[in-house]
Amino acid sequence: MLSAFPTARQLPLLRRILKPAASPGSSGPAPEKAFYLGLLWERAAATHPAVPVTLDQPLSTFPDRGTAFTYASLADVVDDLSARLWETGVRPSERVAVHKTDNFDISLLASAVARIGAVPVMISSVLPGEIVSELLTRLDKPWLITDAAKLTGPLDGVPVRDLTHETLLAGTEPHAELRLLAELNGLPRRPAVRMHPSQPALITHTSGTTGVSKLMVHNATALHHRLLPQQVIAWPIRKKETVALCMSFVHSRFFHSLGVFLNYGNPLVILNDPAPERIAPIFVRHRPGLVETHPNNFIQWEDLADAPGAPLSSVRYYSSTFDAIHPRTIQRLLRASARPRPLLVQLYGQSETGPISGAWYTRKSAARNDGRDVGYVLPGFIRLRVVDDSGRPVRRGEPGHLELRGRGRVMTYLGEHERYLDNIHDGWWRLGDMGSLGRFRRLHLIDREIDQIGDIDSNLELEDVLLSRLEELLEVIIVTSPEGEPVPVVCTRGDAPLDPERWARATSGLPPLAAPLHWPFTEVPRTSTWKVQRVEIARMLRENPDTPEVREVPENSVPSTGASD
């Protein structure tokens, strides 16, 4: 059972246990400590070839291959795709942007790009065309893998031809004269190309919650240092549990989750659609023992707690990262499990650094969780300090700016190196979050620096309180109005009206808030990892406060029954 994170004294043993896997055909482990995306499936197939992998939808480029795979058959898909990419002319060290309609083949294409020594650049499918255009400009004429739906949709009007070396098509639908990967059949397979571990190996982008996304350059060594603590944490469930992943396919976290569980030989269920009505029958059929998704998807999955067939009853471990998770959500998920002593494991981190701290919750401890407690700084992997506005360390328990030292940090922001350097102070990386360190280096998160509002100590904590008091709420987002007031934007289950009397009781004793605005959950601006884009919401309210999608809670609202606890 996963009951605690490893101590510094245990780390040398765990590092020996988790040494890099041997390359196929080699006599021993790879000499360098590096995480190679191009070898991910090949190495897994060499040790666990028959382990099943189930998808919730067919691969868009090879739909005829169905949804049932094994480690070995997916390694063959990656090998096949890399041969097709080589045939088109992609070569080592070249940048290849992957921006297409959401499907698991996004990650397989990235592995195929890396397998021939090129650098995959993961661009989220949810980004609008103007931001994709800006990112392609920064990449300086990359290859682009996209599909007809993108080119005739969000990218229509973007000068793709001028911004790229060449555009290749995934999927099966042709577009203009572009080459379609699905039609390049019968090509000879090629051995994998392994670049030096200090060279760029992957480019991802920040969530874009505060504006245009930044392009982050990772190398294989840094990716390895991020992978190691995640492997340590997942050690208790190696080979034992079916793992269900429903995460952004372009985020580095998804590749690390694959790296962990492929190394351990766990059966996988990989999901694209997080809608509870789609998730429920899949979980009933496959009965996963571990599930991981974005925190805001877990909020939606609260509805599965009492769903027919008890879809969450088999879950022993919930894994949450990307953002803090609300205490109410933790309690409902854990109560839905029929397994003895279920746990929710939460990692707090950033795209630039990887995991920073970790916490675990039982049914009993979840009831005491205040939502801002994001666990203990990972011992032996991360150094974290809290400083005041002048950069001087503060005493234990005092709030301030969080700064980090760790080996998993990205190399740079592509095309914005000065902006990258602005975050480094005497070798410490400024996270942009406010928080405090308690006893045994337990981290308490307050807010993003950019999100702080007036006299409110923590917007996030206030949102947690409101969610715990009003079970009918799916989301509460507190942003600044054009007049500088804190405005709560609320989303309810099924977009049902919210009772103003219940709202008044729930806000009693809290800092003064403006009148709440009621917004459909599906229309809240979000990133690819379902993080709320607070800056975008504030901009929308500032530029068009009367937009019909945003509406005040009506005075004659009918009380909402909400979801049962």
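In this text the structure is predicted, and so the values were computed from the model without any measurement.
Looking at Leu431 and Thr353, their side chains come closer than 4.5 Å, going by heavy atoms from C-beta outward. Inter-residue side-chain proximity for Pro355 and Leu378 is flagged as met; some heavy-atom pair is nearer than 4.5 Å. Under the 4.5 Å side-chain criterion, counting only non-hydrogen atoms from C-beta, Arg285 is in contact with Ile282. Residues Val51 and Asn266 are not in side-chain contact: their nearest non-hydrogen atoms beyond the backbone lie 4.5 Å or more apart. The shortest distance between side-chain heavy atoms of Trp428 and Arg405 falls below 4.5 Å. The shortest side-chain heavy-atom distance between Leu40 and Val78 does not fall under the 4.5 Å cut-off. Val53 is listed as a side-chain neighbour of Trp41, based on a closest heavy-atom distance under 4.5 Å. Contact of the Leu109 side chain with the Lys100 side chain is registered, since non-hydrogen atoms from C-beta on lie closer than 4.5 Å.
Partners of His256 under the ring-ring contact (aromatic ring centres under 6.0 Å, His included) rule, at least two apart in sequence or in another chain, are Phe35. Under the side chain to side chain contact (heavy atoms under 4.5 Å, CB included) criterion, Arg396 pairs with Arg439, sequence neighbours left out. With sequence neighbours excluded, the residues that form a salt bridge (Lys or Arg N to Asp or Glu O under 4.0 Å) with Arg65 are Asp80. Partners of Arg363 according to the salt bridge (Lys or Arg N to Asp or Glu O under 4.0 Å) rule, which considers only residues two or more places apart in sequence or in another chain, do not exist here. For Ser111, there are no side-chain hydrogen bond (donor to acceptor under 3.5 Å, both in side chains) partners at least two apart in sequence or on another chain. Under the ring-ring contact (aromatic ring centres under 6.0 Å, His included) criterion, Trp301 pairs with Phe283, Phe298, sequence neighbours left out. Annotation: side-chain hydrogen bond (donor to acceptor under 3.5 Å, both in side chains) contacts of Glu398 (sequence neighbours excluded): Arg395. Glu403 meets the salt bridge (Lys or Arg N to Asp or Glu O under 4.0 Å) test with Arg385, Arg430; sequence neighbours excluded. With sequence neighbours left out, Trp503 forms a ring-ring contact (aromatic ring centres under 6.0 Å, His included) with no residue at all. A search for salt bridge (Lys or Arg N to Asp or Glu O under 4.0 Å) contacts involving Arg442 returns Asp373, not counting sequence neighbours.
The distance from atom CZ of Arg335 to atom CG of Asp306, rounded to the nearest 0.5 Å, is 9.5 Å. Once rounded to the nearest 0.5 Å, the distance linking CD of Glu352 with OG1 of Thr206 reads 6.5 Å. Once rounded to the nearest 0.5 Å, the distance linking CZ of Phe104 with CG of Leu268 reads 8.0 Å. Put simply, CG on Leu334 and CG on Leu343 are 7.5 Å apart, with the number rounded to the nearest 0.5 Å. One finds the CG atom of Asp105 at 9.0 Å from the CZ atom of Phe249 (value rounded to the nearest 0.5 Å). If you take CG on Asn297 and CD1 on Ile279, they are separated by 8.0 Å, rounding to the nearest 0.5 Å.
A donor atom on one side chain and an acceptor atom on the other are found under 3.5 Å apart for Thr329 and Glu302. For the residue pair Ser124 and His205, no side-chain donor N or O sits within less than 3.5 Å of a side-chain acceptor on the partner. In the model, Gln57 has no side-chain atom that pairs as donor or acceptor with a side-chain atom of Asp273 under 3.5 Å. Using modelled atom types and a 3.5 Å distance limit, the side chains of His518 and Thr492 yield a donor-acceptor pair.
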Could you list the donor-acceptor pairs under 3.5 angstrom formed by side chains in residues 307-315, with sequence neighbours left out?
residue : atom : partner : partner atom : Å
Ser313  : OG   : Arg287  : NH1          : 3.3
Ser313  : OG   : Ala310  : O            : 2.8
Ser314  : OG   : Pro288  : O            : 2.7

Could you pull out all donor-acceptor pairs under 3.5 Å where a side-chain atom in residues 240-247 meets a protein atom, sequence neighbours excluded?
residue : atom : partner : partner atom : Å
Lys240  : NZ   : Pro236  : O            : 3.3
Glu241  : OE1  : Arg339  : NH1          : 3.4
Glu241  : OE2  : Arg339  : NH2          : 2.7

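At most 12 heavy atoms of other shown residues, nucleotides or ligands fall within 6.0 angstrom of atom CD in Glu501.
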Subject >> side-chain contact (heavy atoms from CB on, under 4.5 Å) assessment of Asn103 paired with Leu59 >> reply: CA-CA 7 Å; Asn103 186 283; Leu59 300 175; 3.9 Å; yes
**OP:** List the steps, then state whether side-chain contact (heavy atoms from CB on, under 4.5 Å) holds for Gln350 with Asp433.
**Re:** CA-CA 10 Å; Gln350 285 193 350; Asp433 284 340; 3.7 Å; yes
**OP:** Evaluate the criterion side-chain contact (heavy atoms from CB on, under 4.5 Å) for residue pair Phe255 and Thr204; output intermediate values, then yes/no.
**Re:** CA-CA 11 Å; Phe255 294 105; Thr204 60; 5.6 Å; no
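Closest of all the heavy-atom pairs between Ser357 and Leu443 is OG-CD2, 3.9 Å. Between Met216 and Ser351, the shortest heavy-atom contact is CE-CB, 3.3 Å. Nearest heavy-atom pair across Met122 and Leu202 is CG-CD1, 3.8 Å.
Side-chain atoms of Arg328 come within 3.5 Å of backbone atoms of Leu467 as a donor-acceptor pair (strictly under, hydrogens ignored). The main-chain N or O of Leu474 is never found under 3.5 Å from a side-chain atom of Arg493 such that the two would form a donor-acceptor pair. Remark: side-chain polar atoms of Tyr318 are paired, donor with acceptor, to backbone N or O of Leu333 under 3.5 angstrom. Side chain of Tyr36 to main chain of Ala114: no donor-acceptor pair is present (N/O by atom type, distance under 3.5 Å, no hydrogens or angles). Although no hydrogens or angles enter the test, the distance criterion places a donor-acceptor pair under 3.5 Å between the side chain of Arg226 and the main chain of Gly408.
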